[in-house]
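Just so you know, residue 1 is the first one in the sequence shown, and it goes up from there.
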Amino acid sequence: MIRILLAEDDRVMREYLTRALERSGYAVSAVDRGTAAMPLLEAERFDLLLTDIVMPEMDGIELAQKASEIAPDMRVMFITGFAAVTLKAGKQVPQAKVLSKPFHLRDLVLEVDRLFEAENAGFN
């Protein structure tokens, strides 16, 4: 099962995203800030870091950079409502996918599915 670490400071958004991804067959561990994600990254293996960019204590870009040092093979997807932040994320973590808010939960699940389609194709 594909494991996702979700870092999102908005409680309602975090719950919606977690539920949608779990319904689609993903295992989700959700935290409310980047600093809470770090111990999980160090203790467990995740296939995807799905993170909001604008969060207190540690933003999603810094989290993604630290996460890539811990788990270089883990994929990263940013979610944000700020266009200027999207540009910054693209420059600082160029391999990451960026999904801009607002988005439909179905779109998020489709993007996550696409990230893992190629590697799952070999198992069918």
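A salt bridge does not link Arg75 with Glu111: every distance from a Lys NZ or Arg NE/NH1/NH2 to an Asp or Glu carboxylate oxygen is 4.0 Å or more. Note on Asp52 versus Lys101: salt bridge recorded, some NZ/NE/NH1/NH2 to OD/OE distance being below 4.0 Å.
Side-chain contact between Val76 and Leu48: absent, with no pair of heavy atoms (C-beta onward) separated by less than 4.5 Å. Looking only at side-chain heavy atoms (C-beta outward), Tyr26 and Asp113 come within less than 4.5 Å of each other. Considering only heavy atoms from C-beta on, Ile53 comes within 4.5 Å of Ile61 through its side chain. For the pair Glu44/Leu5, no side-chain contact is recorded, criterion being any heavy-atom separation below 4.5 Å from C-beta on. Contact check for Asp10 versus Asp32: no side-chain heavy atoms found under the 4.5 Å cut-off. You'll find the side chain of Leu108 reaches within 4.5 Å of the side chain of Met77, heavy atoms only. Considering only heavy atoms from C-beta on, Asp59 comes within 4.5 Å of Glu62 through its side chain.
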Margin query: Pair His104, Asp107 - check side-chain contact (heavy atoms from CB on, under 4.5 Å), show working.
Written below: CA-CA 5 Å; His104 193 283; Asp107 296 331; 3.5 Å; yes
Next item on the list: With side-chain contact (heavy atoms from CB on, under 4.5 Å) as the test, would you mind laying out the steps for Met38 and Met58 before giving the verdict?
Entry: CA-CA 10 Å; Met38 291 306 298; Met58 177 190 293; 3.9 Å; yes
Notebook entry, point to check: Taking it one step at a time, do Thr51 and Ile79 satisfy side-chain contact (heavy atoms from CB on, under 4.5 Å)?
Noted result: CA-CA 6 Å; Thr51 180; Ile79 45 180; over 6 Å; no
Next item on the list: Mind running side-chain contact (heavy atoms from CB on, under 4.5 Å) on Arg33 and Asp9 for me, showing each step along the way?
Entry: CA-CA 6 Å; Arg33 59 195 182 283; Asp9 61 323; 5.5 Å; no
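Atom OG of Ser24 sits about 8.5 Å away from atom CG of Leu110, to the nearest 0.5 Å. How far CZ of Phe46 is from CG of Leu41: 6.5 Å, rounded to the nearest 0.5 Å. Within the model, atoms CG of Leu17 and CD of Glu22 stand 11.0 Å from one another, a figure rounded to the nearest 0.5 Å.
Here the closest heavy-atom approach between residue Ile2 and residue Asp47 is recorded as CA-OD2, 3.3 Å. Scanning all heavy atoms of the two residues, the minimum distance from Ala37 to Leu63 falls at CB-CD1, 3.9 Å. In terms of heavy atoms, Ala36 sits closest to Pro39 at O-CD, 3.4 Å. In terms of heavy-atom proximity, Ala96 sits nearest to Phe78 at CB-CE1, 3.5 Å. Contact detail for Ala27 and Met1: the closest heavy-atom pair is CB-SD, 3.4 Å. Closest approach of Met74 to Ala67, counting heavy atoms only: CE-CB, 3.5 Å.
Side chain of Arg3 to main chain of Arg45: a donor-acceptor pair is present (N/O by atom type, distance under 3.5 Å, no hydrogens or angles). Between the side chain of Arg14 and the backbone N or O of Glu8 there is at least one donor-acceptor pair closer than 3.5 Å.
In this view, Arg11 and Glu15 satisfy the salt bridge (charged side-chain N to carboxylate O under 4.0 Å, His left out) rule, not counting sequence neighbours.
Other residues, nucleotides and ligands contribute at most 12 non-hydrogen atoms within 6.0 Å of the OH atom of Tyr16.
Linking Ile, Leu, Val, Met, Phe, Trp and Tyr residues whenever their side-chain heavy atoms come within less than 4.5 Å places Leu105 and Ile4 in a single cluster.
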